[in-house]
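Remarks on the structure that follows.
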Amino acid sequence: MTADSSKTERYNARAAEPKWQKAWDEAGIYAAKNDDPRPKYYVLEMFPYPSGRIHMGHVRNYTMGDVVARFKSAMNMNVLHPMGWDAFGMPAENAAIDRKVHPKEWTYANIAAMKKQLQSMGLSLDWAREVATCDPSYYRHQQKMFLDFLKAGLVAREYRKVNWDPVDNTVLANEQVIDGRGWRSGALVEQRDLYQWVFKISDYSQELLEALDTLDRWPEKVRLMQKNWIGRSEGLLVRFMLDTATTPSGETELEIFTTRPDTLFGAKFMALAPDHPLATAAAAKNPKLAAFIEECKHLGTSQEAIDTAEKMGFDTGIRATHPFDPSWKLPVYVANFILMDYGTGAIFGCPAHDQRDLDFVNKYGLGNTPVVLPPGQDPATFVITDTAYDGTGTLFNSRFLDGMTIEQAKDEVARRLEKDTRGNRPVGARQVNYRLRDWGISRQRYWGCPIPIIHCDKCGVVPAPIESLPVKLPDDVTFDRPGNPLDHHPTWKNVKCPTCDGPARRETDTMDTFVDSSWYFARFTDPWNEKAPTTPAVANEWMPVDQYIGGIEHAILHLLYSRFFTRAMKKTGHIGMDEPFAGLFTQGMVVHETYRDQAGNWVEPANITIDGMGETRTAKLTTTGEPIEIGSIEKMSKSKKNTVDPDDIIASYGADTARWFMLSDSPPERDVIWTEEGVQGAWRFVQRLWRLVGEVADVTGPQSRPETFGPEAQKLRKAAHRALNNVSEDISRLRFNRCVAHLYEFANALSDSIGSAETAPTPDFAFALREAGDILVRLFQPMMPHLAEECWAALGHTGLVATVPWPQLEAALLVENTVTLPVQVNGKKRGEVTVARDAANPEIEAAVLALDEVKKALDGKSPKKVIVVPQRIVNVVA
RNA sequence: GCCCCUGUGGCGGAAUUGGUAGACGCGCCUGACUCAAAAUCAGGUACCGCAAGGUGUGCUGGUUCGAGUCCGGCCAGGGGCACCA
């Protein structure tokens, strides 16, 4: 056929994309109706923090969600695909300090800018449901739920450790602590206890753990991470009697929690958290101990800081008695690696079978006694020096436990200590412990949801009256000094006590921004309800989210908090289910090469030119030609300047190219490397599809379907339906990189067919070509919606392809009559046989043994065995 | 430190979930078109070897007729760690 593609104009994304975005908008096709009778599908991407500009991570995330939304829509489902803004948080306050902009102004300007960017991507979003968490129309409902949770017993107040900057007199986030010092002041950070509001997530530890098994459309990895985070362990509480002569004020006992009661006869020491009451009491009489505890407070509050710090301890002089031997005394230390939050804040140390304890005794010369003998070891020669043994074995050096397994010994110790009732209470009690701590939500910051509480000297803590909600953030705040602006505000916190009418003050802490993001998915179901956070009947229709998509970095905190919050909302009547997200997908990051100039400064990709390809690539500065060093591939970040601005890409290539490249190559759960060559490849494919569709449009053929199809037509139709089948399957399973590959294959097949067609193809072939063109456009529509519309119009259709149903699969076209089986001899491929699809095994065997390659490999001998795996492979065992 | 993940051509990756390793794309090579370039089109491209043939999925050992895939041990790279969102 004369492909007059030379005449075809290039596809002009810059002109086409806004045109179709306007057409979709005017047709209102992405507005979800709450009373649509079709089956619902709720697809949600994690909403962005309005930092000011979207980045490539957003492009990837929202493109994936959009493909799913458009696909489900083509499958005739009622799709909810909303977008909003996680708009409270620290960066807005930093901007206020650094640039003297009000957080509110900064945030809303950012939202406006980012919304425009998102709209240029051509996402099928229902913008009518947009919410911003910093808006009083959103956070008023959050305050209501806080009060509901309070009434339901889901809220408490507790002392919590925070990072305290003694120079700025302010609380620091972990990320604001750099090498143990405040990021602005440079002062040595110390731990300080603050009285804080917490949500009782730990009441749900067991439930949150068990329900993980029901989340079968979540990645195994995320479920495992949450399981470990909840950290259920079964152990024993043991009361050690103390030598009262050694205790500061006559304390008689110390309760510890252990998961290894079997190693009790290997005990060498006891250790207390630095803030354990017994440690505090002892420190009052021992200045050196007090100094040591003070030193421990300079350790950061992050788990990493605690674990990687050098293990240090201080002997309090207190002595404890071994529960099975009154004459066995153990020294009680204060140690910097014991946490008050976990168990009872005190442990006994068995160094032979715990690495941390072993490091500790080796440092303080306390020695160790192994009590678990690994299988096959000689008890007379088995010693522990630098490496603790935490494997299985049999008990030894342990009196009545000798010879038992670890499990038997744990049980025996528990059994004996439960019966021992010194002080009218059992010495030992079995206990299930969780690592999960209650969720501290108080933040000493301005830009967050105010906690609706009033403190009265007479009445204590009083909830703000419902009718006073929202407790609005005041606009007139200053950031000229460190600390919480709400605290410094001259009048805001002064209110009358709702109970006694006396003078009182507002809670000046605001809520953790994770609270804001723990229910936005429910708010999207009816964001117009002014009276309540949700309209339960509507929320219960839409929820749970069928497909949630976001970064793996949220695998634990955001997702676990949301699971808790949904349960709390159920308990307080705002929603009817336990789990918010039925399906979860965690996508990988967008990464890029890094570049440095001769002085070692990072350089943006936009400012350099790459010469050569493959291994000979060199880079130079576009402006001066200065050579640039090409560095490692890393997550796109401002600090390393290896970012590519989505706006630039959309301006030069169009949104469809950016979307297509994001979906290509890398599996969505893995990192994708952004490369200029890759983008250009995507762009070339956009142009190729446009030319191809142009060629199909030129084919003239019958409007009605022919009775029969010739072999050429049938070959193309098989390729089309194979692609249809594969793309449908892979979109459903979010394997977008495979969808892309299938579409390339199909485009290649269509291209070959057109190339082989005569100038005037037979009517059946012409029909097949046009049909294949239609299918192709409909298949790439979810990924490249603008190009699809343009192509759809070029093919002579009226109306929007975005509203056209997904093609119907003709399953018969997927079946082949013959199969080609690889033939192996001793596991090595030697040839292949083509047989009828339903050929019997003996028939296949005979064909295989007749092959020259097989005869040669067998060298005249007869095979020991022939393994025929139907429709797969044949293996001859010689 | 603890928990989790990943490792396949020059590169991103595919592999019907234990059955032909390298689909598809990028890059590169050759040719066509062009005064030339770009674009486009046709062909080639795991490695060693002229070939026959051999080798090959981070390393190492095992299970199996058969291992990229399952099991044990190691090595390397990455992510999370409760006040970043």
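No experiment lies behind these values; they were computed from the predicted model shown. Quick note on labels: first sequence line is chain A, next is B, and so on, each numbered from 1.
For A/W229, the side-chain atoms get nearest to B/A82 when compared with the rest of B/A82, B/A85, B/G12. Between B/C26, B/A85, B/A39, one nucleotide has an atom nearer to the side chain of A/D86 than all others, and that is B/A85. Considering only the side chain of A/A741, B/C24 comes nearest among B/A14, B/U16, B/C24. Comparing B/C26, B/C83, B/C4 by their nearest atom to the side chain of A/Q444 picks out B/C83. Out of B/U17, B/A82, B/G25, the shortest distance to the side chain of A/R437 is found at B/A82. The side chain of A/K829 lies closest to B/U20, out of B/U20, B/G13, B/A82. The side chain of A/R691 sits closest to B/U40 out of B/U20, B/U40, B/A85. Each of B/G12, B/C83, B/A85 was ranked by its minimum atom distance to the side chain of A/S666; first place goes to B/G12. Of the listed nucleotides (B/C83, B/A85, B/G25), B/C83 has the atom at the smallest distance from the side chain of A/N163. Comparing B/C26, B/C5, B/G12 by their nearest atom to the side chain of A/K221 picks out B/C5.
When ring centroids are compared, A/F685 and A/W660 come within the 6.0 Å threshold. For A/F661 and A/Y653, the gap between ring centers reaches or exceeds 6.0 Å.
At least one side-chain nitrogen or oxygen of A/R670 sits closer than 4.0 Å to the OP1 or OP2 atom of B/G7. For B/C24, the OP1/OP2 oxygens have no side-chain nitrogen or oxygen of A/N726 closer than 4.0 Å. Side-chain N/O atoms of A/R443 include one lying less than 4.0 angstrom from OP1 or OP2 on B/C83. Distances shorter than 4.0 Å separate some side-chain N or O of A/K828 from OP1 or OP2 on B/U55. Distances shorter than 4.0 Å separate some side-chain N or O of A/R684 from OP1 or OP2 on B/C26. Proximity of A/N737 to the phosphate of B/A14: a side-chain N or O atom is located under 4.0 Å from OP1 or OP2. Distances shown here put a side-chain N or O of A/T513 below 4.0 Å from the OP1 or OP2 atom of B/A85.
Evaluated for a side chain to side chain donor-acceptor pair (under 3.5 Å) with A/W447, the options A/T513, A/T107, A/T510, A/N94 yield exactly one hit, A/T107.
Counting to the nearest Å, the P atom of B/A52 and the CG atom of A/D852 are 16 Å from each other. Atoms NE2 (A/H554) and C1' (B/A82) sit 14 Å apart, rounded to a whole Å.
With RNA chain B read from its 5' end, the first of the two nearest nucleotides for A/W683 and A/Q680 is the one closest to A/Q680. Positionally, the nearest nucleotide of RNA chain B for A/I873 lies more toward the 5' end than for the other of A/I873 and A/A682.
Counting heavy atoms of neighbouring residues, nucleotides and ligands inside a 6.0 Å radius, atom NZ of A/K227 does not exceed 12 of them. Heavy atoms of other residues, nucleotides or ligands lying less than 6.0 angstrom from NZ of A/K297 number 12 at most.
Counting distance only, with no hydrogens placed and no angle test, the side-chain atoms of A/R445 and the base atoms of B/C83 include a donor-acceptor pair under 3.5 Å.
When the C1' atom is compared between B/G62 and B/G18, the two are found 16 Å apart, to the nearest whole Å. On the P atoms, B/G25 is 12 Å away from B/C41, given to the nearest whole Å. Nucleotides B/C29 and B/C47, compared at atom P, are 15 Å apart to the nearest Å. To the nearest whole angstrom, the two P atoms, one in B/C28 and one in B/C35, are 25 Å apart. When the P atom is used for both B/C11 and B/U57, the distance is 15 Å, rounded to whole Å. Taking atom C1' in both B/G27 and B/C71, the straight-line distance is 39 Å, to the nearest Å. The separation of B/U6 from B/U16, taken at their P atoms, amounts to 16 Å, rounded to a whole angstrom. Atom C1' of B/C70 sits at a distance of 26 Å from the matching atom of B/G9, rounded to the whole Å.
A distance of 11.0 Å separates SG in A/C449 from CG in A/D512, rounded to the nearest 0.5 Å. Atom-to-atom distance recorded for A/D438:CG and A/Q196:CD is 12.5 Å, nearest 0.5 angstrom.
Between A/T818 and A/T834, the side chains place no donor N or O within less than 3.5 Å of an acceptor N or O (distance only, hydrogens not considered).
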Q: Both distances under 3.5 Å, Watson-Crick or G-U wobble: on that basis, could you give the dot-bracket string for RNA chain B, with [ ] for crossing pairs and | for other-strand partners?
A: (((((((..(((......[....)))((((((.......))))))(((....)))..(((((..]....))))))))))))....
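Within 4.0 Å (heavy atoms only), A/E220 reaches no atom of the nucleic acid at all. Among the heavy atoms of the strands, none lies under 4.0 Å from A/P48. At a threshold of 4.0 angstrom between heavy atoms, the contacts of A/F514 include nucleobase atoms, whether or not backbone atoms are also involved. As judged by a 4.0 angstrom heavy-atom cut-off over every strand, A/R735 is placed among the base-contacting residues.
The backbone N or O of A/T508 lies less than 3.5 Å from a partner atom in the side chain of A/N484, making a donor-acceptor pair. No donor-acceptor distance shorter than 3.5 angstrom exists from the side chain of A/D730 to the backbone of A/R735, with no hydrogens or angles considered.
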Q: Test side-chain contact (heavy atoms from CB on, under 4.5 Å) on A/D487 and A/Q444 and set out the steps.
A: CA-CA 9 Å; A/D487 243 354; A/Q444 296 68 44; over 6 Å; no
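Glycosidic conformation, B/G7: anti, with the torsion outside 90° of 0. Within 90° of 0 lies the glycosidic angle of B/U17, which makes this nucleotide syn.
Residues that satisfy the side chain to side chain contact (heavy atoms under 4.5 Å, CB included) test with A/D752, not counting sequence neighbours, are absent from this structure. Here A/Y138 pairs with A/W519 under the ring pair (Phe, Tyr, Trp, His ring centres under 6.0 Å) rule; sequence neighbours left out. Listed by chain and number, the residues in a side chain to side chain contact (heavy atoms under 4.5 Å, CB included) with A/N433 are A/S233, A/F257, A/Y342, A/Q431 (sequence neighbours excluded).
Within residues 49-58 of chain A, the residues that place at least one heavy atom under 4.0 Å from RNA chain B are, in residue-number order, A/Y49.
With a 6.0 Å cutoff to the six-membered ring centre and a 45° limit on the axis angle, A/R10 does not count as a cation-pi contact of A/W690.
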Q. Taking protein heavy atoms under 4.0 Å as touching, what does nucleotides 61-67 of chain B look like 5' to 3' if B marks base contact, S marks sugar-phosphate-only contact and - marks none?
A. ----BS-
